[in-house]
Amino acid sequence: YRLQFGLEKLNEYEMLSEKMFQQFNLMKRYFDDDFFINNDFEDLMTAKRDTEDFLSTAQEFFHYFALIQVTTEAVNPNAVNKCAEVLDEFQKSVEGMSPAFRNVVHDTDHFLNSRGNLSKSKMDEYTTQMKQNVHGSRTNMDNLLESLKSLRDFLVEMVQITYGKLN
């Protein structure tokens, strides 16, 4: 029963990591230096929404860190250290992107709430600022992608090991 319960929980965590991975793939294009080249309002709003979606899912995932460690220990005690390492790396990678995420989400909200009438020139000015805000975040985005892949791969491995123990 312990293994079946652990398998069920690991499947939930793995699905949540898949959701983050898909959201990351939607979001990452906004952090390319040349994405906001068209100075388009819809691009800005989509970037904000997709970034918020990723952050929301990541925040939800953070709530499960202790449970992931407990579940890992229950199904494969030899992987506890690896689990802690993978979770820690993921958290550090998200934190490393926090300033750029804040720029996309918070600064966009602030811009939209404080500017009143959005003229073409104000929009151009803000998207130029946005390009500067995300400039240089490529390395941190790459680190986040790698840590997200490691997290997902670790959870899949734990699921596979647990299936193997059930057979």
Side-chain angles (χ1 to χ4, degrees), residues 9-72 79-115 118 122-159:
K9 288 302 182 188
L10 287 168
N11 278 324
E12 287 177 29
Y13 308 143
E14 195 281 325
M15 292 302 291
L16 197 53
S17 76
E18 281 297 331
K19 182 177 178 182
M20 278 191 297
F21 192 71
Q22 296 306 317
Q23 290 170 331
F24 177 88
N25 285 327
L26 289 174
M27 175 191 67
K28 72 178 179 175
R29 63 184 170 179
Y30 307 119
F31 294 88
D32 289 337
D33 291 338
D34 60 349
F35 181 80
F36 293 105
I37 201 161
N38 295 327
N39 295 340
D40 185 85
F41 180 76
E42 284 197 33
D43 286 344
L44 191 62
M45 295 308 297
T46 304
K48 178 185 172 300
R49 183 198 68 224
D50 289 348
T51 302
E52 284 175 325
D53 288 348
F54 174 81
L55 289 172
S56 176
T57 305
Q59 188 64 39
E60 180 183 352
F61 193 84
F62 289 147
H63 292 296
Y64 293 111
F65 271 26
L67 293 175
I68 292 169
Q69 290 174 320
V70 168
T71 305
T72 299
V80 172
N81 290 337
K82 177 69 174 173
C83 179
E85 179 184 308
V86 167
L87 293 174
D88 186 52
E89 187 58 38
F90 176 66
Q91 186 171 5
K92 285 179 182 177
S93 296
V94 171
E95 289 170 0
M97 280 301 297
S98 289
F101 288 155
R102 184 179 101 29
N103 289 333
V104 171
V105 176
H106 177 266
D107 291 358
T108 299
D109 277 343
H110 183 71
F111 170 74
L112 295 173
N113 291 331
S114 67
R115 302 293 180 165
L118 294 176
K122 286 182 182 179
M123 193 65 208
D124 290 347
E125 180 182 312
Y126 184 72
T127 53
T128 299
Q129 177 187 338
M130 183 60 69
K131 283 187 273 190
Q132 293 169 351
N133 288 345
V134 300
H135 178 75
S137 63
R138 179 43 113 195
T139 300
N140 286 341
M141 282 301 278
D142 291 344
N143 290 341
L144 179 55
L145 176 60
E146 288 306 310
S147 69
L148 189 52
K149 284 179 183 177
S150 293
L151 176 64
R152 183 186 63 183
D153 292 348
F154 174 79
L155 291 169
V156 167
E157 180 183 355
M158 290 301 99
V159 167

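A quick note: this is a predicted structure, and the numbers were derived from the prediction, not measured.
With a 4.5 Å cut-off on side-chain heavy atoms, Glu89 and Glu146 do not count as touching. No side-chain heavy atom of Met141 sits under 4.5 Å from any side-chain heavy atom of Leu145. With contacts defined as side-chain heavy-atom distances shorter than 4.5 Å, the pair Asp50/Gln23 does not qualify. Residues Thr72 and Tyr13 fail the side-chain proximity criterion, which asks for heavy atoms closer than 4.5 Å. Contact check for Tyr30 versus Thr46: side-chain heavy atoms found under the 4.5 Å cut-off. Put simply, the side chain of Ile68 reaches to within 4.5 Å of the side chain of Leu155, judged on heavy atoms. For the pair Met20 and Phe90, the minimum side-chain heavy-atom distance is below 4.5 Å.
Thr57 and Leu16 make their closest contact through CG2-CD1, 3.7 Å (heavy atoms, listed as atom of the first residue, atom of the second, distance). Across every non-hydrogen atom of Gln91 and Phe65, the tightest pair is OE1-CE2, 3.7 Å.
For the atom pair Glu157 CD and Ser150 OG, the distance stands at 11.0 Å (nearest 0.5 Å). Atom CE of Met97 and atom CG of Asn103 lie 9.5 Å apart (nearest 0.5 Å). The CG atom of Asp88 sits 4.0 Å away from the NZ atom of Lys92 when rounded to the nearest 0.5 Å. Here the straight-line distance linking atom NZ of Lys28 with atom OG of Ser137 works out to 12.5 Å at 0.5 Å rounding. With values rounded to the nearest 0.5 angstrom, Lys48 atom NZ is found 11.0 Å from His106 atom NE2. Note: Glu14 CD to Leu151 CG = 9.0 Å, rounded to the nearest 0.5 Å.
In this structure a side-chain-to-backbone donor-acceptor pair under 3.5 Å is missing from Ser56 to Glu52. In this structure a side-chain-to-backbone donor-acceptor pair under 3.5 Å is present from Ser147 to Leu144.
Not a single ring pair (Phe, Tyr, Trp, His ring centres under 6.0 Å) links Phe154 to another residue, sequence neighbours left out.
Looking at Glu12 and Lys9, a side-chain N of the basic residue comes within less than 4.0 Å of a carboxylate O on the acidic one, giving a salt bridge.
In this structure, Phe31 and Phe101 have perpendicular ring planes: the angle between them is above 60°, well past the 30° mark.
Ring centers of Phe21 and Phe24: at least 6.0 Å apart, outside the cut-off.
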